[in-house]
Amino acid sequence: QAVFSTQAAPATMGPKAVGSKDFLQKVSVHGFSVLGTAMTDEGVKTVEAAPDEKTAFVDPAGLAYIQEEGPAFAGGASGAIYAHIGIDGEAAFPSDVKAAITEDGLSKYHAYESGERTHHVIHVVGPQLFDVTRAEAVEMLTKAYKNVLQQYLVAVSSSSVTSLR
């Protein structure tokens with residue numbers, strides 16, 4: 001699990017705005033999920049606080065769930081995320097999410113209001129890496145990561161978000 005933090009990222013970052021060395025100095029890898037849980041010998045345990053209102057987190061969504069089935073039928077990591085943000089009973093995703101994510105590798109930031117709390121979620125559909133070459137896999141993963149980071153910049157520029165899980 002990588003966590004990226006920034007104090008005040010610009011709305012758009014070109015290669016000259018932030019170099020790869022600067023970027024990598026802001027990335028740290030942690031042994032917990034986006035919700036702060038980890039698998040232990042005793043099962044799933046909370047090892048870190050859940051994301052706060054300044055933290056956007058990535059949902060490894062399935063395309064069929066985004067487009068057709070909705071959050072109510074998702075399981076695994078996505079099901080846990082949807083329960084955490086209070087949409088696990090919903091029949092469909094918000095229209096902006098459905099419109100933006102139409103194929104593998106695409107992502108969309110959406111702020112979910114839950115009571116007095118806002119959850120900043122970046123939905124992304126990862127690529128299917130079956131029967132592909134290494135070069136194809138790298139290209140597909142690059143597309144997904146690039147889109148997540150672009151949506152993170154959207155979150156930073158339109159909310160109080162300063163970190164990404």
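Positions are given from 1, in the same order as the sequence printed here.
- Its side chain within the 4.5 Å cluster rule, L141 clusters with L129, V132, M140, Y145 among the Ile, Leu, Val, Met, Phe, Trp and Tyr residues.
- Taking the side-chain contact (heavy atoms from CB on, under 4.5 Å) definition, one finds that A64 meets it with E69, sequence neighbours left out.
- Listed here is the closest heavy atom pair of V154 and S157: O-OG, 3.1 Å.
- Side-chain atoms of T46 and F32, non-hydrogen and from C-beta on, never get closer than 4.5 Å to each other.
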Less than 3.5 Å apart, which donor and acceptor atoms pair up between the side chains of residues 71-79 and the rest of the protein, not counting sequence neighbours?
{"from": "S78", "atom 1": "OG", "to": "D59", "atom 2": "OD1", "distance (Å)": "2.6"}
{"from": "S78", "atom 1": "OG", "to": "P60", "atom 2": "O", "distance (Å)": "3.0"}

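- Taking the side-chain contact (heavy atoms from CB on, under 4.5 Å) definition, one finds that E103 meets it with L106, K143, sequence neighbours left out.
- Residues meeting the side-chain contact (heavy atoms from CB on, under 4.5 Å) test with E139, sequence neighbours left out: none.
- The side-chain hydrogen bond (donor to acceptor under 3.5 Å, both in side chains) check on E136 picks up T133, with sequence neighbours excluded.
- Remark: side-chain polar atoms of T37 are not paired, donor with acceptor, to backbone N or O of S33 under 3.5 angstrom.
- Defined by atom type and a distance below 3.5 Å, a donor-acceptor pair is present between the side-chain atoms of S28 and H30.
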Do any side-chain atoms of residues 86-102 form donor-acceptor pairs under 3.5 angstrom with protein atoms, and if so which ones, sequence neighbours left out?
{"from": "D96", "atom 1": "OD1", "to": "H110", "atom 2": "ND1", "distance (Å)": "3.1"}
{"from": "D96", "atom 1": "OD2", "to": "H110", "atom 2": "ND1", "distance (Å)": "3.0"}
{"from": "K98", "atom 1": "NZ", "to": "Q67", "atom 2": "O", "distance (Å)": "3.4"}

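- When all heavy atoms are compared, the tightest approach of T118 to A111 is CG2-CB, 3.9 Å.
- In this structure, M39 shares a hydrophobic cluster with V44, the cluster being traced through Ile, Leu, Val, Met, Phe, Trp and Tyr side chains under 4.5 angstrom apart.
- Y152 is listed as a side-chain neighbour of I122, based on a closest heavy-atom distance under 4.5 Å.
- Looking at N147, its side chain does come within 3.5 Å of a backbone N or O of G105 through a donor-acceptor pair.
- By the 4.5 Å heavy-atom criterion applied to side chains, Y82 and V121 are not counted as neighbours.
- The two residues V125 and G62 make their nearest non-hydrogen contact at CG2-C, 4.1 Å.
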* Please walk me through it: do L63 and D104 pass side-chain contact (heavy atoms from CB on, under 4.5 Å)? -> CA-CA 7 Å; L63 186 59; D104 290 357; 4.3 Å; yes
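- Residues that satisfy the side-chain contact (heavy atoms from CB on, under 4.5 Å) test with A80, not counting sequence neighbours, are L35.
- The closest side-chain heavy-atom distance from V58 to R165 is not below 4.5 Å.
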Solution key, residues 49-56 side-chain donor-acceptor pairs under 3.5 Å, sequence neighbours excluded:
{"from": "D52", "atom 1": "OD1", "to": "K54", "atom 2": "N", "distance (Å)": "2.9"}
{"from": "D52", "atom 1": "OD1", "to": "T55", "atom 2": "N", "distance (Å)": "3.1"}
{"from": "D52", "atom 1": "OD1", "to": "T55", "atom 2": "OG1", "distance (Å)": "2.8"}
{"from": "T55", "atom 1": "OG1", "to": "S163", "atom 2": "OG", "distance (Å)": "3.0"}

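- The two residues Y109 and Q151 come nearest to each other via the heavy atoms N-OE1, 2.8 Å.
- Under the salt bridge (charged side-chain N to carboxylate O under 4.0 Å, His left out) criterion, E116 pairs with no residue at all, not counting sequence neighbours.
- Between H123 atom NE2 and S107 atom OG the span is 10.5 Å, to the nearest 0.5 Å.
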